[in-house]
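These notes are about the structure you will find just below.
Per chain, numbering begins at 1; letters A, B, ... match sequence-line order.
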Number of protein chains: 2
Amino acid sequence: MGTKGENNRTRIIEAADQLFYKHGYNQTSFSDIADITGIPRGNFYYYFKTKDDILAAVVETRVKQYREALVTCDNASDNPGKRLHAFLDIMAGSEDSVVDTGCPIGSLCVELAKDTEALQTKSREVFVLLRDWMSRQFEEIGLVDANDKAMDLLSRMQGTALMACTFKDSAYLHRSVGDLKNWINNLVLSES
Amino acid sequence: MGTKGENNRTRIIEAADQLFYKHGYNQTSFSDIADITGIPRGNFYYYFKTKDDILAAVVETRVKQYREALVTCDNASDNPGKRLHAFLDIMAGSEDSVVDTGCPIGSLCVELAKDTEALQTKSREVFVLLRDWMSRQFEEIGLVDANDKAMDLLSRMQGTALMACTFKDSAYLHRSVGDLKNWINNLVLSES
DNA sequence: TGAAATACTAGACGGTCGTATGACTTTTGT
DNA sequence: ACAAAAGTCATACGACCGTCTAGTATTTCA
């Protein structure tokens, strides 16, 4: 009962996830996904009605993955500042791909900002998840403008990824992540 | 001698400039440009051998435009901090389009980061211009790490544009620009 | 077991893409 | 005035796009 079907569906999503990241949503064709998975191009309609449906599925798995990553950050420490550091380490840890291709979330949102509103709303979902989690951390620190700080941190991480990728500069990436950690530490100190 | 030819060439570049911003490079077709300019699709080969050539021409006009904008900033004040404020005001002034479509430079670089290296190098040119100008301002302020600060400012502006666009939040755009002005002011104070 | 339901496949459709060509028209220089 | 050069144009190419459908295999369950 659909065991192979579910398997194929998952493989399509995984291949699309990588290709959307490496080449962008619009620059990824059904043929590209077919070449990687070995599933004939024509079959895709069975698993997904439209290309947009594949994007939705990809975003949903990304949300799930980041949710799990945030749980790991939550378990990393009972200190909210340290938890935010742990999240920053995720970006620093994927240094190579960030310098090469940028942030998977940010670059998708930038691309789809020029597309339909439906795709914008969908691609934004991961950012909403991260912003709300960050906001909770800053709240726990004791900041009254926790949501503003969450936007600032997300913003600065995105700027960092964009610059590091554009200038192919991993040294900048690490320096900037260090600066952000110091910025968080100072926020913690100012509240204690 | 080539008066109409130059005119058509210019009109193609102007239309492409807008379309590359509004819909992205890859999502802009020759037909789109033809529809706006009224120049038949088939004629483009006469003015530009390839689509990449159009991009190069667009980037070159953008470099020229930003160079002029920087001259205006240079003339705005003999205080480098104030000159950087003037540059930030350019972004704040185009609030609507930034929230709607993002930063024209940043979104182009993000898109082409997933394309050939030649296009990446070309699209980066505007950023190089801005970074070097900013670096000169920070140098004049007296900072020893002027180039780092230039990267930081560019980075934070890009993050700001990306978040404002993704969340369709012009209030965040203005708050963040204000924060950046304060950040610059503090850098000036720390050196005086 | 066998017919209905479900899972899967592959070929093909209409459309659009970037590019190229060859002919026509206008401008230029002598 | 008239050839050469520059500019303009319609048409078409081969490739690829996302989508669809007619058909085959497989599973389900009375």
Does a nitrogen or oxygen in the side chain of [X] sit under 4.0 Å from OP1 or OP2 of [N]?
X        : N       : answer
Tyr47(A) : dT9(C)  : yes
Ser31(A) : dC16(D) : no
Asn8(B)  : dT8(D)  : yes
Ser29(A) : dC16(D) : no

| query | With a 3.5 Å cut-off and no angle check, do the side chains of Ser29(A) and Asp32(A) form a donor-acceptor pair? | reply |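 A donor-acceptor contact under 3.5 Å links the two side chains.
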| said: Side chains of Asn185(A) and His85(A) only: does a donor on one sit below 3.5 Å from an acceptor on the other? | reply: yes
Protein-nucleotide distance ([X], atom [atom1]; [N], atom [atom2]), rounded to Å:
X        : N       : atom1 : atom2 : answer
Asp35(B) : dC17(C) : CG    : C1'   : 14 Å
Gln27(A) : dG18(C) : CD    : C1'   : 12 Å
Arg9(A)  : dT9(C)  : CZ    : P     : 15 Å
Asp53(B) : dA20(C) : CG    : P     : 11 Å
Arg11(B) : dT8(D)  : CZ    : C1'   : 12 Å
Asn26(A) : dG18(C) : CG    : P     : 13 Å
Tyr46(A) : dT9(C)  : OH    : C1'   : 11 Å
Ile12(A) : dG18(D) : CD1   : C1'   : 14 Å

From the list [options], which nucleotide is the closest neighbour of the side chain of [X]?
X        : options                   : value
Thr50(A) : dG18(C), dA10(D), dT19(D) : dT19(D)
Arg41(A) : dG18(D), dG18(C), dA10(D) : dG18(D)
Phe30(A) : dT19(D), dC9(D), dA10(C)  : dT19(D)
Tyr45(A) : dC8(C), dC17(C), dT19(D)  : dT19(D)
Asn43(B) : dA10(D), dT19(C), dT19(D) : dA10(D)

| query | Hey, what's the ring geometry for Phe20(A) with Tyr25(A), parallel, tilted or perpendicular (30° and 60° as the breaks)? | reply | perpendicular
| query | Angle class for the Phe127(A)/Phe167(B) ring planes (parallel below 30°, perpendicular above 60°, tilted otherwise)? | reply | tilted
| message | Let me check something: do Trp183(B) and Tyr172(B) share a hydrophobic cluster, defined by ILVMFWY side-chain heavy atoms less than 4.5 Å apart, either directly or through other members? | response | yes
| said: On DNA chain D, compare the nucleotides closest to Gly42(A) and Asp32(A); which residue's is nearer the 5' end? | reply: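 Of the two residues, Asp32(A) wins.
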